[in-house]
Amino acid sequence: YVMQADFKEAVTIIEQLYKLHPDDENILLNYIETQAQADKDKLKNLEEIALTFLFSIPESVAFVSKTFAVSGYPQTAIDIFYKNAMRMNDPVLDSLYYAQVVTIPMLQSIARKEYDEVEEGKCVLYSDEQDRRHCWMVSCQSEMGGMLIGHRKDEIIEVIIAGEKRKIKILAIYDKYFSIEHRALTDVMEHGGNKILTPFKMKEGATGEEILQQLLDFIKDKGSNKSI
């Protein structure tokens with residue numbers, strides 16, 4: 001009870017600081033975290049502030065998003081990540097998004113929710129003739145989007161890409177959030193990783209024991225502070 005009372009008193013103090021300095025990122029981070037510790041239900045009052053604040057670094061976005069996620073606000077957490085990821089276009093923020101989605105189950109139900117049919121605003125994961133995977137945000141305003149709408153998962157269809165007719169297979173249909181996850185993985189594979197994610201490639205034909213040992217050696221070499 002004493003600790004809870006201390007947090008509530010801290011919220012009152014930090015709230016006053018925030019009112020004096022609404023653009024101070026560090027004060028806002030402490031305000032959100034302290035409110036989550038004092039009373040998770042009242043964190044709802046800070047949702048709009050967190051969703052509209054222009055955070056300066058990826059780590060701040062990840063901190064605030066995680067605070068909302070573990071406090072029972074998964075949709076808000078995802079939206080904070082998505083809005084800032086689209087604004088920043090930062091590979092580190094994309095990787096932090098991916099790391100949180102794979103480690104916080106309640107985020108997965110939103111970030112990886114699948115649909116049967118392509119609609120406006122959905123994100124389509126498809127493979128081309130060379131079995132390479134691509135992601136497309138569907139919009140009626142684009143030729144590609146118009147050709148995708150109405151089709152279903154596992155269909156092989158003909159579309160026009162860069163002026164050429166191509167056959168593609170629709171692998172999955174997600175909400176817009178999946179585009180950030182796909183962007184993160186694509187960047188990591190193309191550039192060999194970053195300070196958040198490191199790609200791990202299994203040896204072809206290896207047994208289960210060999211793969212496990214390979215993974216253990218990989219983790220030992222890279223350290224435990226990264227996601228794979």
Side-chain angles (χ1 to χ4, degrees), residues 1-113 121 123 137 174-185 187-188 194-197 223-228:
Y1 290 111
V2 174
M3 183 177 292
Q4 196 71 7
D6 288 345
F7 274 121
K8 289 183 178 179
E9 184 177 342
V11 168
T12 301
I13 295 171
I14 296 176
E15 183 179 10
Q16 294 303 315
L17 280 173
Y18 172 73
K19 288 180 179 179
L20 292 171
H21 307 282
D23 296 325
D24 190 303
E25 192 164 308
N26 288 326
I27 291 176
L28 179 58
L29 295 180
N30 281 280
Y31 186 13
I32 291 171
E33 170 64 15
T34 308
Q35 183 62 80
Q37 294 289 343
D39 188 342
K40 290 182 174 62
D41 290 338
K42 290 186 178 180
L43 195 59
K44 185 175 183 63
N45 299 329
L46 300 180
E47 283 183 292
E48 189 61 27
I49 293 173
L51 284 165
T52 56
F53 193 86
L54 302 179
F55 295 101
S56 62
I57 57 174
E59 289 76 11
S60 293
V61 179
F63 178 83
V64 171
S65 178
K66 185 175 182 179
T67 301
F68 274 96
V70 300
S71 299
Y73 299 83
Q75 184 64 60
T76 301
I78 286 286
D79 284 333
I80 289 170
F81 249 126
Y82 182 79
K83 288 185 176 183
N84 285 279
M86 295 303 290
R87 176 177 63 85
M88 291 183 177
N89 194 24
D90 187 317
V92 171
L93 181 53
D94 292 350
S95 295
L96 286 168
Y97 170 85
Y98 174 79
Q100 280 201 21
V101 166
V102 299
T103 55
I104 303 179
M106 67 180 70
L107 294 182
Q108 294 178 22
S109 62
I110 300 172
R112 294 178 175 175
K113 182 178 180 180
C123 180
M137 285 295 297
Y174 300 98
D175 275 318
K176 61 184 180 180
Y177 309 109
F178 185 77
S179 62
I180 305 300
E181 182 173 337
H182 184 265
R183 193 167 74 180
L185 294 177
D187 182 80
V188 165
N194 55 41
K195 66 180 183 179
I196 306 300
L197 296 177
S224 59
N225 62 332
K226 282 194 174 187
S227 294
I228 301 171

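The first residue in the sequence is number 1, and the count goes up from there.
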Any side-chain to backbone donor/acceptor pair from [X] onto [Y]? Under 3.5 Å, distance only.
X: N84; Y: I80; answer: yes
X: Q100; Y: A62; answer: yes
X: T12; Y: K8; answer: yes
X: N89; Y: A85; answer: no
X: Q37; Y: F7; answer: no
X: E25; Y: S56; answer: yes
X: S179; Y: K176; answer: yes
X: T52; Y: E48; answer: yes

Side-chain heavy-atom pair F81, L93 within 4.5 angstrom cut-off: yes
Whether Y177 and Y82 hold their rings parallel, tilted or perpendicular, with breakpoints at 30° and 60°: perpendicular
Parallel, tilted or perpendicular: rings of Y174 and F178 (30°, 60°): parallel
Test: K113 and D175 ion pair at under 4.0 Å: no
Spatial distance of atom CD1 (I27) from atom CD1 (I32) [nearest 0.5 Å]: 12.5 Å
Member of K40, E15, K42 meeting the side chain to side chain contact (heavy atoms under 4.5 Å, CB included) criterion with Q35: K42
